[in-house]
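First comes the structure, then the notes that go with it.
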Amino acid sequence: MAAAMGAVRVLCGAEKERVVGTHKAPGACPRCGSAVVAVDVESERRILGLPLCLKSKRKYSCTRCFRRLVTLYS
């Protein structure tokens, strides 16, 4: 069963993410009040081993409670 799922991922286009960089973000966590960190992530989607698209995202999270934070305005 696991081998079949791996084959489906290769054929349909699995998405791989890698961290490009991290830095301190302005503001504080609304839950615990500690510092916020911003992580720049590149995700690559492949189909049959060929690169299809490359997306860059910035994700925010708390350094103490590790809660993922979402920006309301960008």
Spatial distance of atom CD (Glu42) from atom NZ (Lys55) [nearest 0.5 Å] = 13.0 Å
From Arg45 atom CZ to Leu54 atom CG, the distance as rounded to the nearest 0.5 Å = 13.0 Å
Note: Val36 and Cys29 closest approach over all heavy atoms is CG2-N, 3.7 Å
Picking from Lys57, Lys59, Arg58, Arg18, what satisfies side-chain contact (heavy atoms from CB on, under 4.5 Å) with Asp40?
-> Arg58
